[in-house]
Amino acid sequence: MIDAKRILVTSALPYANGPLHIGHLAGAYLSADVYVRFQRMMGKDIVWVCGSDENGAAITIKAIKEETSPREIVDKFHELFQEAFQGMNISFDYYHRTSDELHHETSQEFFRKLYENGKFEERTSEQYYDPKANQFLADRYIKGTCPKCDHPSAYGDQCENCGSALSPTDLINPSSTLTGETPVMKETTHWYLPLNEDEEWLREWIVDGKLDGKEHHEPKDWKNHVVGQCKSWLDGGLHPRAMTRDLDWGVDVPQEIKGAEGKKLYVWMDAPIGYISSTKAWAAENGKDWKDYWQSDDTALLHFIGKDNIVFHCIIFPAILKAHGDYVLPTNVPANQFMNLEGDKISTSRNWAIWVNDYLKDMPGKVDELRYFMVKAMPEQKDSEFTWAGFQDAVNNELVNNLANFLNRVVVLTNKYYEGVVPEFDENQMIFGPSGDDETSFYDNEYLRLFDDLSATAQFIRDFDFRGALNKIMEISSKGNQILQFNEPWKMIKEDEENVKAVMNLCVQYCAAISSMLRPFLPTAAERLSQLLNFDQNFESGEFVEMMDKMAMGDSIIEPGHKINEASHLFSRIDDEVIAEQKAKLVKTEAPAVVASTPIKNNIVFDDFTKIDFRTATILEAVKVPKANKLLQLTLDLGFEKRTVVSGIAQQYKPEDVIGKQVTLVANLAPRKIRGVESQGMILMAENSEGQLSFVSPADGWEAGNVVS
RNA sequence: GGCGUGGUAGCUCAGCUGGUUAGAGCGCAGCAUUCAUAAUGCUGAGGUCGGCAGUUCAAGCCUGCCUCACGCUACCA
């Protein structure tokens with residue numbers, strides 16, 4: 001992959017139902033931006049695509065809630081995303097959207113190809129159906145009580161209270177969000193990709209880096225947590241996965257396929273293919289062939305994502321690409337972990353976030369400052385933390401005091417001593433290097449040291465270690481400060497002018513080097529620095545390589561005789577008040593009290609009720625069910641017999657706390673084995689909106705076995 | 001419960017295939033210095049490297065058990 005001819009970079013498509021926050025930036029965009037900008041200045045043939053993910057049920061639901069149309073929702077967020085990305089200087093080559101016709105065509109073509117190649121298994125299964133609305137219900141259209149935290153309004157795919165991933169059949173008391181009806185199970189047909197058949201090659205590909213027996217990538221280059229999570233999935237066994245859904249907002253399954261009416265492509269047959277459509281759109285506008293980037297073995301494909309997306313980009317999407325047959329597979333998926341905010345998880349629903357669009361408005365002209373701190377605190381290997389205090393410290397101490405200060409010192413001194421003209425110097429002058437000891441070094445040695453540091457920085461970036469790279473740049477800046485400090489040109493100028501010339505020339509080279517290396521990280525500041533130095537190069541197509549070649553030959557980056565401009569400050573301090581204001585804006589709102597009390601179920605007749613045999617009972621024994629978190633195995637005394645019942649209350653009650661409790665039992669419920677234990681009935685529990693439980697018991701002192709009606 | 005990743009100075013983090021007194025930045029305490037946005041440089045204090053046991057001549061790095069955080073996954077009749 002190192003010798004790949006081209007690089008294709010993708011960043012996760014942001015989902016168009018909410019604004020972007022810093023967590024998004026930290027996950028998939030800023031890291032990619034640094035990488036791509038760097039490869040551009042290395043002269044690589046590199047393309048970076050992204051776009052808005054605009055399909056799916058969550059968008060329809062938001063539209064219903066806000067009494068508008070899905071179209072308006074996606075248009076609004078597509079606009080906001082572009083504003084945010086442009087504001088943050090995120091330099092996509094193309095930003096597309098999945099509602100675009102080109103994308104619909106592309107993903108349909110893709111589906112068609114898999115269909116025609118017989119890659120799908122058609123399966124009929126039972127899914128929830130809303131009889132009143134006359135349609136199948138997407139996961140998002142079903143609400144009910146979360147089986148994990150007992151939150152009363154969990155969605156069929158996820159509980160927003162506890163974050164668990166769910167499937168609709170997990171929900172207790174499911175109801176349709178369209179009509180409030182209790183959904184019924186009904187048969188529906190979908191196309192499944194038999195991922196279980198892909199386990200073997202996926203394992204070889206991920207663990208050994210081999211594809212079809214050939215070296216594909218160096219597995220050691222992948223991050224630990226990425227490979228770890230993939231292995232965990234593979235070890236757990238893959239299952240066929242439906243590639244279509246019963247949805248009404250998305251890409252249609254190609255209509256010529258029998259049974260396609262009403263079916264839409266599932267998100268993983270849709271969103272990642274958005275990378276392909278985005279590339280097509282870019283190619284069309286730039287006179288390129290998109291196939292060079294997707295279907296040519298000498299292309300390195302890189303997916304920048306957050307950790308929530310690992311499985312889909314490392315297992316499902318590769319499986320889809322391989323099933324198609326013509327596409328390259330990713331050579332690396334440098335997934336980042338999560339960024340927390342002031343000690344808490346970022347949460348859209350609790351409004352615990354720094355919104356990118358807000359930041360841009362509140363802190364104008366402070367884009368590089370945010371980029372700097374976000375890279376510094378990037379969750380590359382583990383979750384990280386954004387704090388406003390940390391942000392302020394980093395800006396004031398590192399950007400202002402160290403970096404900007406060094407650059408300013410050099411520019412000011414050069415203007416003061418040489419009217420801004422970079423001095424000629426004698427290469428044999430002995431000067432102090434930044435080593436900290438008393439040894440003097442030749443100018444050449446120090447210049448080589450700078451070259452080495454730049455090379456090291458570049459290598460950090462190639463290894464996706466952006467924090468390391470940024471750290472290295474700050475190290476270069478510190479060394480610059482040390483060179484000035486040890487050589488004291490302000491004193492030496494009175495004693496040995498020739499010596500000062502060598503020192504100042506070296507410092508100017510340091511500044512020029514910093515201005516170029518800083519480009520990928522802080523594009524605006526780097527550009528301003530270049531202007532200060534009157535060294536204005538684009539650094540967008542290989543200029544960095546030229547510069548490094550020059551240095552390797554011992555030639556100056558900026559030649560003696562070159563005139564630089566007057567000094568001006570690159571960064572300014574951020575005051576306490578500004579930080580206090582931003583911190584004050586952070587107010588945890590309670591998870592929007594999803595007041596939606598669980599709707600009353602459909603009426604039943606008296607006969608239905610009398611079918612249930614409720615009995616009072618007393619808990620005699622209680623033990624935890626082994627290898628289960630939530631289950632207690634209870635032995636109940638009904639007076640005339642004893643029963644074993646398994647109940648999901650272990651997180652609320654310790655076994656010893658429930659012994660002796662009187663409960664109400666559904667005594668004629670068909671027995672069922674749970675975790676190997678046969679449960680003969682169920683006990684009734686009341687629950688409140690916080691998920692607390694309470695036994696539904698007869699008044700004190702009642703003996704067991706009585707009938708309840 | 002299973003699996004994965006992480007737990008290193010007050011804070012944020014580095015520590016390569018195990019090898020001498022465990023590092024950086026910030027913060028803190030001294031000292032030096034003035035070209036610079038009261039910036040910079042030097043010196044110092046601070047760690048039983050989550051805990052316990054083991055392998056080894058030698059462990060932050062390997063093994064086992066435990067614990068905490070984050071994520072994935074199973075059980076809720």
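Chain naming here is simple, since letters A, B, ... match the order of the sequence lines and numbering starts at 1 in each.
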[X] side chain N/O closer than 4.0 Å to the phosphate oxygens (OP1, OP2) of [N]?
X        : N     : value
A/Gln482 : B/C42 : yes
A/Asn405 : B/C35 : no
A/Asn471 : B/C13 : no
A/Lys345 : B/G71 : yes
A/Lys382 : B/A14 : yes

At 4.0 Å (heavy atoms only), tell me whether [X] reaches a base, stays on the sugar-phosphate, or touches nothing.
X        : result
A/Glu475 : nothing
A/Ser647 : sugar-phosphate
A/Val645 : nothing
A/Leu684 : nothing
A/Ala404 : base
A/Gly468 : nothing
A/Phe406 : nothing

Whole angstrom value for the distance that separates [atom2] of [N] from [atom1] of [X]:
X        : N     : atom1 : atom2 : result
A/Lys307 : B/G71 : NZ    : P     : 6 Å
A/Phe338 : B/C70 : CZ    : P     : 12 Å
A/Tyr417 : B/A36 : OH    : C1'   : 11 Å
A/Met474 : B/G41 : CE    : P     : 10 Å
A/Lys231 : B/U5  : NZ    : C1'   : 12 Å
A/Ile316 : B/C72 : CD1   : P     : 14 Å
A/Trp233 : B/A74 : CH2   : C1'   : 13 Å
A/Glu380 : B/G71 : CD    : P     : 20 Å

Say we look at [N] and [M]: how far apart would their [atom1] atoms be, to the nearest angstrom?
N     : M     : atom1 : value
B/C66 : B/G7  : C1'   : 14 Å
B/A24 : B/C3  : C1'   : 34 Å
B/U21 : B/G25 : P     : 22 Å
B/A9  : B/U48 : C1'   : 13 Å
B/U63 : B/A22 : P     : 24 Å
B/A29 : B/G50 : C1'   : 30 Å
B/C62 : B/G44 : C1'   : 36 Å
B/G6  : B/U17 : P     : 13 Å

Distance-only polar pair, side chains of [X] and [Y], donor-acceptor under 3.5 Å:
X        : Y        : result
A/Asn402 : A/Asn481 : yes
A/Gln392 : A/Asp576 : yes
A/Asp463 : A/Gln459 : yes

Compare the minimum distances between each of [options] and the side chain of [X], then state the nucleotide with the smallest one.
X        : options             : answer
A/Val412 : B/C72, B/A36, B/C70 : B/A36
A/Lys416 : B/C35, B/U37, B/G27 : B/C35
A/Asp383 : B/C3, B/C70, B/A36  : B/C70
A/Arg409 : B/A36, B/G71, B/U12 : B/A36
A/Asn224 : B/C42, B/U5, B/U37  : B/U5
A/Trp490 : B/C35, B/C13, B/U37 : B/C35
A/Arg467 : B/G6, B/G71, B/C13  : B/C13
A/Gln381 : B/G71, B/A14, B/U37 : B/A14
A/Asn481 : B/G41, B/C70, B/C26 : B/G41
A/Lys491 : B/G71, B/G41, B/U33 : B/U33

State whether the distance check finds a donor on one side and an acceptor on the other, under 3.5 Å, for side chain A/Gln485 versus base B/U40.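 Side chain to base: pair present.
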Looking at [X] and [Y], what are the two nearest heavy atoms and their distance?
X        : Y        : result
A/Asn505 : A/Pro423 : ND2-O, 2.9 Å
A/Cys511 : A/Phe406 : SG-CE2, 4.0 Å
A/Val412 : A/Ala567 : CG2-CB, 3.6 Å

Check whether A/Lys223 reaches the backbone of A/Glu380 with its side chain - one donor and one acceptor, N or O, closer than 3.5 Å.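 It does hold such a pair.
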A/Asn340 side chain to A/Gly343 main-chain N or O, any donor-acceptor pair under 3.5 Å?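 A pair under 3.5 Å: no.
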Which base, if any, makes a Watson-Crick or G-U wobble pair with [N], both distances under 3.5 Å?
N     : result
B/G4  : B/C70
B/A29 : B/U43
B/U56 : none
B/A36 : none
B/A24 : B/U12

Among A/His225, A/Gln381, A/Lys382, the one residue meeting side chain to side chain donor-acceptor pair (under 3.5 Å) with A/Gln337: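 When A/His225, A/Gln381, A/Lys382 are each tested with A/Gln337, the side chain to side chain donor-acceptor pair (under 3.5 Å) holds only for A/His225.
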As a test of the definition: with a 90° window around 0 for syn, would you call B/G51 syn or anti?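 With its glycosidic angle more than 90° from zero, B/G51 counts as anti.
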Taking for each residue the nucleotide of RNA chain B bearing the nearest heavy atom, is the 5' side occupied by A/Leu399 or by A/Asp465?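 Its nearest nucleotide lies further toward 5', so the answer is A/Asp465.
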With nearest nucleotide decided by heavy atoms, which residue, A/Asn401 or A/His225, maps closer to the 5′ end of RNA chain B?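 Nearest nucleotide further toward 5': that of A/His225.
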For the rings on A/Phe386 and A/Phe373, is their centre-to-centre separation under 6.0 Å?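 Yes.
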